[in-house]
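All remarks here apply to the structure that follows.
By convention in this document, chain letters (A, B, ...) are assigned in the order of the sequence lines, proteins followed by strands, and residues within each chain are numbered from 1.
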Number of protein chains: 4
Amino acid sequence: MPRFSETKLETIREERKIQIMKAAIKVFAENGVKLTKISMIAKEAGISHGLVYHYFQSKEDVLYESLEWAVALGETQDFLEKLKDDNSLSPVEKIHTFTKFALTSGSNQVFRVIQHLENSKGVPSHIHELYTNVGEVYIEFFIPIFKEGQQVGEIIEGNTEELVELFLSVISGIMADDPNWWNDNIEQKVTLLSRMITLR
Amino acid sequence: MPRFSETKLETIREERKIQIMKAAIKVFAENGVKLTKISMIAKEAGISHGLVYHYFQSKEDVLYESLEWAVALGETQDFLEKLKDDNSLSPVEKIHTFTKFALTSGSNQVFRVIQHLENSKGVPSHIHELYTNVGEVYIEFFIPIFKEGQQVGEIIEGNTEELVELFLSVISGIMADDPNWWNDNIEQKVTLLSRMITLR
Amino acid sequence: MPRFSETKLETIREERKIQIMKAAIKVFAENGVKLTKISMIAKEAGISHGLVYHYFQSKEDVLYESLEWAVALGETQDFLEKLKDDNSLSPVEKIHTFTKFALTSGSNQVFRVIQHLENSKGVPSHIHELYTNVGEVYIEFFIPIFKEGQQVGEIIEGNTEELVELFLSVISGIMADDPNWWNDNIEQKVTLLSRMITLR
Amino acid sequence: MPRFSETKLETIREERKIQIMKAAIKVFAENGVKLTKISMIAKEAGISHGLVYHYFQSKEDVLYESLEWAVALGETQDFLEKLKDDNSLSPVEKIHTFTKFALTSGSNQVFRVIQHLENSKGVPSHIHELYTNVGEVYIEFFIPIFKEGQQVGEIIEGNTEELVELFLSVISGIMADDPNWWNDNIEQKVTLLSRMITLR
DNA sequence: CATGAATGAGCCTTCATTCAT
DNA sequence: TATGAATGAAGGCTCATTCAT
């Protein structure tokens, strides 16, 4: 006889899962998936390693669900939404703001996990599908902004899609590095990165 | 009585070692050190896993000697030397040439290995020493070139050392990514990267 | 929420360790350290080889802790203590009693392990320290007994220390042999050994 | 077309085998059979490890033939023969002389190999047969000597066979120990051992 | 639900043995 | 005959996963 209502129980269970998934994303981001041991996730979450298997079928499942959850959670999505609607910023300012966010926000853990996966072999296809088009989302998001920037003369001419892809690729490459290095002089550094695509 | 002359045997032995080290650097670059299994190196080199241990003491030793060999081999060193003495190129052209080389040359496998190591914990100190100042070499190499570029008005003002560090950091971040992505449109992409630090 | 109280778990854990250490000492004694495989210890203890590593860091650690435990356990120590205080026995009777004990007591497994180690190369120093002065203890213990025996004319004249050392050396050599051979006619055999040092 | 006569070749081959067998017995004695590596024998013999397999089928065969050769060679046999015929020595003096020889002669390497084998499991039966009755030979040899000693009142009464067995067992146990320990004060030590069975 | 004891597949490493030269 | 390069079976150790409590 359950003490709590099904819903309540479900909630508690869900909270535990989130606790584990948070820990998992963090540890996966820092160490890569293969090198992350279940015990590391458990320790980060403050639970025993056995408990992980009450909430997830396997390590692969932890990865799948954590990634799914983190992507859907979409801190970055929210950020992009707000950015899109913020008419007080010029296209280049939007790009600048995003870049700063990407390099400093803790939410970039998800990206680092994805990067590890992209550099790995044998990633199960159902996991691969989770992030295979994440990049597309960003590209789609930035194309109109870049286009506008080109129209108002803030951004250099050329194939917009290629420009976006390249810019995001650079950001992405940087994020894989030591994430703390970018905390100093972030403004200046981001400005430099912006120079790649800005006119003046 | 051996059929081979000492010299011949020595040659075979040396060639085998090189064959293994080449394979090792490649596999280490692709998978990272921890995830590289001796059997993967052996397979890549086309030999049995046991043979690796005729030429090296341990996996750690394979890493150490391979790295030492690849660094000393110095394709990049040679490239830098020639670049330095090439008076037909302006500072920005030199940087452009180097960037292209860094992103396309097969020799960047070594850098990818080093990047994996820098993101790893528990790297033995004697291995760490092998690459701890490799970065410095590049910085020292580029500072005078950047300085000259600043004097002739090709490169933006600002703290030269910081500029160099940032630029190399971006290149380095990119190299960790899929190394093939950069093969298309390399000229255009490198030009874009150069824009970060060039005046116009 | 764990079903076991902390104490209960701790007890189980301790019992398992002891179970493994008992098995280890037995197998080490029979086969020597180098030739003892973890799987042999595991089989003797009735567990899987993996479990050994839940309780010990390595094979070396199994050896170290088992030896430390067995030495500290000190069945022999206890025996010596009681022997020392037993005033009903003459010096020669004490020696006789000890000899019988040494050759028949199951506790001589520890000695056999130590003997294997003494005949081995490359024993880690922290392990070596565990038994390096065990011999001294016996010598120190028997010197006064032998001295008394000499005074009362039970034991032959001569350098007491050398006499003790020689006698113990013989006992020790015998213990390395098939320990069951000595079970038959033990009284007679021990009497014969005693003759080495007794007067009549 | 052979350069040498068959006989000559055979001789050379035989000498090589002996060179290897000498090395094998030495290394087997020091390290035990299982812990002796083919490379250790080769090094001791001053040849390459591959060459061992030109003269012997396997490590087991090296052991078998070496043991067979060493036992048949019979330095000890010769010694015993001479001892038997030496009428200038009393029974106890003969035993004393033998004991000294056993503990100091380099020929005791064979015994140490045999002792290692007796403490081992899984010794092939054809090898076991080589030494299974070596002990018997000694017992048979000493029984008449002990008997004579008892008759002339040099040696204590009792079951002669048991007495011999025990005495040899003690000698054998001692030989397994550090063989150098017995080099100092050998006379005194042997005298002490003799006391086990002598009347006075 | 929660813990950690228990298992076994898999990787690093050693070494007996084979074989090209 | 002689060498040492080459192979692969087996043992030490790790860690994902299961399960008794």
Please check the phosphate of [N] (OP1 and OP2 only) for any side-chain N or O of [X] closer than 4.0 Å.
X       : N      : value
B:Arg13 : F:dA5  : yes
D:Arg16 : F:dA2  : yes
A:His54 : E:dA2  : no
B:Tyr53 : E:dT13 : yes

Each base of DNA chain E marked ( ) or [ ] if paired in-strand (Watson-Crick or G-U under 3.5 Å), | if paired to another strand and . if unpaired gives .||||||||||||||||||||

Under 3.5 Å, is there a donor-acceptor pair linking the side chains of B:Gln19 and B:Arg16? yes

On DNA chain F, check which nucleotide each of D:His49 and A:Lys37 is closest to and give me the residue with the more 5' one.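 Residue closer to the 5' terminus by nearest nucleotide: D:His49.
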
Is there a donor-acceptor pair under 3.5 Å between the side chain of [X] and the backbone N or O of [Y]?
X       : Y       : result
B:Lys59 : B:Thr36 : yes
B:His54 : B:Gly50 : no
B:Ser58 : B:Asp61 : yes

Indicate, with a heavy-atom threshold strictly under 4.0 Å, whether C:Phe56 touches base, sugar-phosphate, or nothing. nothing

With sugar-phosphate meaning primed atoms plus P, OP1 and OP2, does D:Leu51 contact a base, only sugar-phosphate, or nothing at under 4.0 Å between heavy atoms? base

How long is the line joining CD of C:Glu14 and P of E:dG4, in whole Å?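 Between P of E:dG4 and CD of C:Glu14: 16 Å.
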
Rounded to the nearest Å, what distance is computed from the NZ atom of residue B:Lys59 to the P atom of nucleotide F:dC13?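 Rounded to whole Å, this separation is 17 Å.
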
Where each residue is assigned the nucleotide of DNA chain E containing its nearest heavy atom, which of B:Gly50 and C:Tyr55 is assigned the position nearer the 5′ end? C:Tyr55

